[in-house]
Amino acid sequence: MITSENIKNFPDLNKSGLTPRKTRNGPEYDFLQKYLQDYLPSTPKGQELTVFIEPNVDSVFPDAVAVYWDLNTAEKWNEQRMLLSKQDIRLLHYFSLVNTTNYSNLEIAFSCNLHKSLRRLEEAQLIKKNKLDYWSIKPLKNIFAVKRLITIEAKISDWQGGLLQSFFHTWFASESYLLISKLPKGKQLVDDASRLGIGIATDEVALENSLAKARCENIPKSYASWLFNEWAWKAKKLIG
């Protein structure tokens, strides 16, 4: 698990924008830790599982993010990816949306250090320059390794507040879950979660067996999806 404590000796992770919040011990944290150890989906053959505890995602701190990613894809990446900044990743996500564009169009949205970002992305073999100053992204299957990006928000109480927090995480996650100790009486919470596409996980029940399943969406959904793609790979190389 990647926490604020175990990345202190790896400044390269910090430079790429990975700044987890300091662990806050207590009943909710203990509840979450037990669930993560025992009830997450098993890791498919050929994939890695990297779990982040309270990572900072644009000032939002999901309790846990479980990243399932393809090891064979990431093993082909070069060392230049280690140097990418958050701004570079924003630009990369833009390329994933438009596929090909020219320098003049890029300057409109990415005027700050654009040339340096393009150079780093090119050296990392993520984009390529075509004729007439046009740039295009490499095939997604070769540069995006994440298969599932699951957020989990643990709550002992204030379930409605936790549901709202879980919904906030859907801007980058493929699945978002609220973890509670037991289902309340009545259908209101489950109905609200279903409407928002949020799953409800309960104590001692595996995530895939949850009564209320999260809506599964394609990723990358935003530049933050790419951040976890990079962070998981970097953490594997630096921490193991």
Side-chain angles (χ1 to χ4, degrees), residues 1-7 18-45 47-57 59-69 146-217 219 221 224-225 227-228 231-232 235-236 239:
M1 293 185 185
I2 308 302
T3 68
S4 62
E5 285 74 22
N6 64 11
I7 70 165
L18 179 56
T19 54
R21 182 158 55 188
K22 185 176 180 180
T23 300
R24 298 173 297 174
N25 294 319
E28 283 187 348
Y29 181 75
D30 294 340
F31 177 42
L32 174 68
Q33 285 293 308
K34 184 178 186 307
Y35 192 87
L36 294 175
Q37 291 169 12
D38 298 336
Y39 299 110
L40 282 179
S42 58
T43 308
K45 185 177 180 180
Q47 292 187 23
E48 289 278 329
L49 169 61
T50 306
V51 178
F52 297 86
I53 302 299
E54 292 198 84
N56 182 355
V57 188
S59 300
V60 174
F61 295 86
D63 285 345
V65 181
V67 183
Y68 293 80
W69 54 283
V146 178
K147 302 302 181 182
R148 297 179 74 181
L149 188 53
I150 305 172
T151 65
I152 299 177
E153 195 70 26
K155 288 293 182 184
I156 301 296
S157 58
D158 188 21
W159 296 337
Q160 288 294 337
L163 190 61
L164 184 59
Q165 288 175 288
S166 298
F167 179 68
F168 289 157
H169 305 154
T170 60
W171 75 281
F172 65 87
S174 61
E175 303 154 64
S176 184
Y177 280 86
L178 171 63
L179 173 63
I180 59 179
S181 57
K182 63 179 181 180
L183 285 173
K185 294 180 179 179
K187 297 174 55 182
Q188 188 63 50
L189 183 65
V190 173
D191 288 346
D192 289 346
S194 179
R195 188 176 66 256
L196 296 173
I198 306 303
I200 302 292
T202 53
D203 190 18
E204 299 185 356
V205 177
L207 203 65
E208 57 263 42
N209 296 328
S210 298
L211 177 63
K213 300 291 194 303
R215 182 169 56 236
C216 296
E217 300 192 62
I219 47 175
K221 295 181 68 178
S225 306
L227 285 177
F228 283 102
W231 291 342
K236 174 70 174 179
I239 301 177

Could you measure the distance from the [atom1] atom of [X] to the [atom2] atom of [Y]? Nearest 0.5 Å is fine.
X    : Y    : atom1 : atom2 : value
W69  : T43  : CH2   : OG1   : 11.0 Å
I156 : L32  : CD1   : CG    : 10.0 Å
F31  : D63  : CZ    : CG    : 10.5 Å
D192 : L163 : CG    : CG    : 6.0 Å
C216 : I150 : SG    : CD1   : 8.0 Å
N25  : Q33  : CG    : CD    : 9.0 Å

Write down the atom of [X], the atom of [Y], and the distance for their closest heavy-atom approach.
X    : Y    : result
R24  : Y29  : O-CB, 3.4 Å
S210 : K213 : O-NZ, 2.6 Å
A206 : Y35  : C-OH, 3.6 Å
L36  : I53  : CD1-CD1, 3.7 Å
L149 : S225 : CD2-CA, 3.9 Å
I219 : A173 : CG2-C, 4.2 Å

Mind checking what makes salt bridge (Lys or Arg N to Asp or Glu O under 4.0 Å) contact with K147, not counting sequence neighbours? none

Do any pairs count as a salt bridge (charged side-chain N to carboxylate O under 4.0 Å, His left out) and have a residue in residues 172-181, sequence neighbours left out, and if so which ones? R148-E175

Just by distance, do the side chain of [X] and the backbone of [Y] share a donor-acceptor pair under 3.5 Å?
X    : Y    : value
D38  : E204 : no
K155 : G161 : no
S166 : G162 : yes
Y68  : S42  : no

Is the shortest side-chain heavy-atom distance between S176 and I198 below 4.5 Å?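 Answer yes - side chains close enough.
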
Is the closest side-chain donor-acceptor distance between S4 and E54 under 3.5 Å? no

Evaluate the criterion side-chain contact (heavy atoms from CB on, under 4.5 Å) for residue pair H169 and V60; output intermediate values, then yes/no. CA-CA 8 Å; H169 305 154; V60 174; 3.6 Å; yes

Please say whether more than 12 non-hydrogen atoms of neighbouring residues, nucleotides or ligands are located less than 6.0 Å from CZ in F167. no

Which of these passes side chain to side chain contact (heavy atoms under 4.5 Å, CB included) with P41: N209, L207, L49?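 In the set N209, L207, L49, the residue that makes a side chain to side chain contact (heavy atoms under 4.5 Å, CB included) with P41 is L207.
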
Candidate list V65, T151, L227, test side chain to side chain contact (heavy atoms under 4.5 Å, CB included), partner P55, passing option: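 Result: among V65, T151, L227, V65 is the only option passing the side chain to side chain contact (heavy atoms under 4.5 Å, CB included) with P55.
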
Side-chain donor-acceptor pairs of residues 177-187 under 3.5 Å, sequence neighbours excluded:
unit_1 : atom_1 : unit_2 : atom_2 : d
Y177   : OH     : A214   : N      : 3.4

Mind checking whether F52 and F228 have parallel, tilted or perpendicular rings, split at 30° and 60°? perpendicular

